[in-house]
Structure formats: structure tokens, C-alpha cells
Amino acid sequence: MKPGSTIPQSIDEYIADFPKPIRDMLEKMRIAIRKAAPGAEETIKYAIPTFAYKGNLVHFAAYKNHIGFYPAPSGINAFKKELAGYEQSKGAIRFPLDRPVPASLVSQIVKFRVKENEEKFSVKNRKTAKPAAPKTKSAKPTDEEQVTAYMNNLKHPLKPETEAVRAIIKNSNKKLSERIKWNAPSYHYKEDIVTFGPYKNNKLLLVFHHPAIVKIKSGLLEGEYKDRRLAYFDSMKAIRDNKKELERIMNELVKAIDKKQ
């Protein structure tokens, strides 16, 4: 660029500012770079012609006695032997105006820089890319969630009654936990206590299977089995009428377990 000239907006504009012999040399440089880096973008940086490809690739410029070529220090170091006949500095090569532009050598250096930039770009992307989220197994539903799902899927005329009895048992003692066992909602505290049984003649059945149940006297409990007792509910009224008694039975069983422990 001639002294006093304004900064060019394109490489064409830059080259056009020089006499024909220098224009020809600059154009030869430009063509050699283009062929070696067809994917590079032509632009003006630092007021001189620049090729960019995954970052700055190379620059070149015309001066009073030489064409300056700037392929970064790495581009010079990799071709020390081939560049031995040209004046150099850390990041620049000077091609004298009285000698032809070594287009083949320029092309080799540019191809080297293309590969170098591609490798740097790949490494940078690997470092900044977010790691893929590890594949995780779907979380298993909690015991209570499994019981809730069971109730949501339950289709039976006594479903409201079942929900009501479930709520009474759950709220009778904070030590109690629920889960699905024997294919039905079941309640436990250190040991199994009571489980919903199959519906009998449109009645809701509870099976008390903790051994301590046989020592509890209650009009709600039925059966003279060796190790269990049964309780039936046939209406919401029956459930409301026996709510306190069911709560008492559950608490007596929890106390029996605590004494045993």
C-alpha cells in the first residue's frame, strides 16, 4: 500500500494500488494461496491481504524491495531448509522483487498452515464441547409411588373405600411405611403388618399377618387363625364407624414390634 493511501477494503483494491510488475507478483502469491487453501476466506487485516481459515492463516504485503509473506512462526520453522535462501524474521519471509515468487513453496507452506489450523480447531472444540450426558437408568419409583400407581390403575367399585382405608392406615402412625407386596398395597414397620387382600363378595379385605395380631381383641377382627386375622369393610359408613378402632389396632401392632426389638 502506497504511503498516504487509505486502508483498502479488499485484496483486489490492495493489489490495484501498485505498479504492474508488483501487481503481478502479488497476484501470483494470491493464486498460490487460493489453490492451497480453497476454503479460506479473503479479507484485509492489519491493512494487508489476509487469508483466514479456522483462524488467521497467512498474510502477505508489498514493500519497496520485497513481498512480505507471513505464515506464522510455525510455517517458517517447518520449512527452514527450503527458505534458506530468503531473508527471514520470526514470523515473516521476504521475497525480493527482483526474483520470481516461489509459488510452489508458498503453496506447501499454506497447506501446512491449513492442516495446523484444522488440528488446533479440533482440539479447541474438544476442550470446549460439553460432555455428553451419561446414560442413566430410569429411577425406580419409590415404594409409595408404586402404591399410588397401583391405586391410579385400580378399576373396582370399591376403589373409594380402598383409598379411604389406605389413608387411615397411613395416618395412624408415622412409623408405618407402604409398598406393593403380594401384588397389593402392604404396610410395614420393621416387619410386615397388614396387606390388602382380594375383594370378597363386594367387601374390602384387610389381612393382618403379623403374629402379634392374635393377641389383640377387637370386634373388627375376624377369624380364629393361628397367625392372622381378617377385617372386612363393605361401605364408607363402615369405614367411618371403625376408623378409630383400625387406628388402635395399627398402633397396638407398632407397640408390639417396638417391645420385641
Side-chain angles (χ1 to χ4, degrees), residues 122-261:
S122 178
V123 170
K124 182 180 178 181
N125 277 2
R126 285 198 299 269
K127 288 181 178 179
T128 58
K130 291 182 179 180
K135 293 182 179 179
T136 56
K137 295 181 179 179
S138 299
K140 182 181 178 181
T142 64
D143 288 340
E144 188 167 356
E145 287 172 342
Q146 291 181 50
V147 176
T148 299
Y150 175 97
M151 294 305 304
N152 289 340
N153 294 323
L154 181 63
K155 293 180 174 30
H156 193 278
L158 294 179
K159 180 176 180 177
E161 287 78 5
T162 305
E163 285 281 19
V165 173
R166 176 195 180 197
I168 292 171
I169 295 174
K170 284 176 62 178
N171 296 325
S172 63
N173 194 299
K174 64 182 181 180
K175 294 179 179 180
L176 292 168
S177 298
E178 65 177 349
R179 61 186 171 187
I180 295 295
K181 193 168 184 180
W182 298 295
N183 298 317
S186 184
Y187 299 82
H188 62 100
Y189 166 59
K190 299 181 181 179
E191 301 174 26
D192 292 311
I193 296 176
V194 60
T195 301
F196 280 90
Y199 296 98
K200 299 287 187 179
N201 300 320
N202 291 323
K203 290 183 180 181
L204 174 61
L205 170 64
L206 286 180
V207 180
F208 290 88
H209 38 68
H210 190 276
I213 192 66
V214 299
K215 297 180 180 180
I216 297 175
K217 304 300 179 181
S218 171
L220 182 60
L221 301 175
E222 298 184 20
E224 294 297 329
Y225 306 102
K226 180 180 178 181
D227 57 357
R228 68 187 186 278
R229 293 290 185 268
L230 309 178
Y232 292 97
F233 301 92
D234 58 7
S235 66
M236 292 297 288
K237 182 179 184 305
I239 294 170
R240 287 193 296 270
D241 290 347
N242 289 283
K243 177 177 180 294
K244 289 186 178 181
E245 182 61 7
L246 179 56
E247 290 173 341
R248 184 187 73 84
I249 292 170
M250 295 304 302
N251 281 295
E252 287 295 325
L253 290 170
V254 169
K255 289 178 184 177
I257 293 171
D258 279 333
K259 287 181 181 179
K260 180 180 176 182
Q261 300 298 323

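Along the sequence shown, the residues carry numbers beginning at 1. In this text the structure is predicted, and so the values were computed from the model without any measurement.
- Summarising the geometry of Y150 relative to P185, their closest heavy-atom pair is CE2-CD, 3.4 Å, with the distance given to 0.1 Å.
- A 4.5 Å side-chain heavy-atom check between K260 and E191 finds at least one atom pair inside the cut-off.
- Under the 4.5 Å side-chain criterion, counting only non-hydrogen atoms from C-beta, R248 is not in contact with K244.
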Next item on the list: Go through the steps for I249 and V194 under the test side chain to side chain contact (heavy atoms under 4.5 Å, CB included), then give the verdict.
Entry: CA-CA 11 Å; I249 292 170; V194 60; over 6 Å; no
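- Under the 4.5 Å side-chain criterion, counting only non-hydrogen atoms from C-beta, K181 is not in contact with H188.
- Here the shortest heavy-atom pairing between I193 and L253 reads CG2-CD1, 3.3 Å.
- For the atom pair CD1 of I180 and CZ of F196, the computed distance is 10.0 Å after rounding to the nearest 0.5 Å.
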Checklist line | Derivation of the side chain to side chain contact (heavy atoms under 4.5 Å, CB included) call for Y199 and L204 | finding: CA-CA 5 Å; Y199 296 98; L204 174 61; 3.6 Å; yes
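- To the nearest 0.5 Å, atoms NE2 (H156) and OG1 (T162) are separated by 7.5 Å.
- No side-chain heavy atom of I169 sits under 4.5 Å from any side-chain heavy atom of E178.
- Taking a 6.0 Å sphere around CG of N152, one finds it holds more than 12 heavy atoms contributed by other residues, nucleotides or ligands.
- Of the inter-residue distances, the one linking I213 atom CD1 with D227 atom CG reads 11.5 Å to the nearest 0.5 angstrom.
- The backbone N or O of N173 lies less than 3.5 Å from no partner atom in the side chain of N251, so there is not a single donor-acceptor pair.
- Partners of K226 under the salt bridge (charged side-chain N to carboxylate O under 4.0 Å, His left out) rule, at least two apart in sequence or in another chain, do not exist in this structure.
- In this pair, W182 and H209 present their aromatic rings perpendicular. The plane angle is above 60°, beyond the 30 to 60° band.
- Within a 6.0 Å radius of CG in N183, no more than 12 heavy atoms belonging to other residues, nucleotides or ligands are found.
- Counting only heavy atoms from C-beta outward, the side chains of L205 and L230 approach each other to under 4.5 Å.
- The line from CD of E247 to CG of N242 is 11.0 Å long, rounded to the nearest 0.5 Å.
- One finds no salt bridge joining E163 and K159 here, because no Lys/Arg side-chain nitrogen approaches an Asp/Glu carboxylate oxygen to under 4.0 Å.
- Here the closest heavy-atom approach between residue Y189 and residue K175 is recorded as CD1-O, 3.4 Å.
- A distance of 10.5 Å separates CE of M250 from NE2 of H210, quoted to the nearest 0.5 Å.
- Under the 4.5 Å side-chain criterion, counting only non-hydrogen atoms from C-beta, R166 is in contact with T148.
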Margin query: Is there a side chain to side chain contact (heavy atoms under 4.5 Å, CB included) between F208 and I216? Walk through the geometry before answering.
Written below: CA-CA 11 Å; F208 290 88; I216 297 175; over 6 Å; no
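- The number of heavy-atom neighbours closer than 6.0 Å to NZ of K203, taken from other residues, nucleotides and ligands shown, is 12 or below.
- In this structure, the side-chain contact (heavy atoms from CB on, under 4.5 Å) partners of R240, at least two apart in sequence or on a different chain, are M236, K237.
- Salt-bridge annotation for R179 and D192: present, with a side-chain N of the basic residue lying under 4.0 Å from a carboxylate O of the acidic one.
- In this structure, the side chains of E161 and F233 stay at 4.5 Å or more apart for every pair of heavy atoms.
- In this structure, the separation between CD on E252 and OG on S172 is 11.5 Å, given to the nearest 0.5 Å.
- The closest side-chain heavy-atom distance from V214 to R229 is below 4.5 Å.
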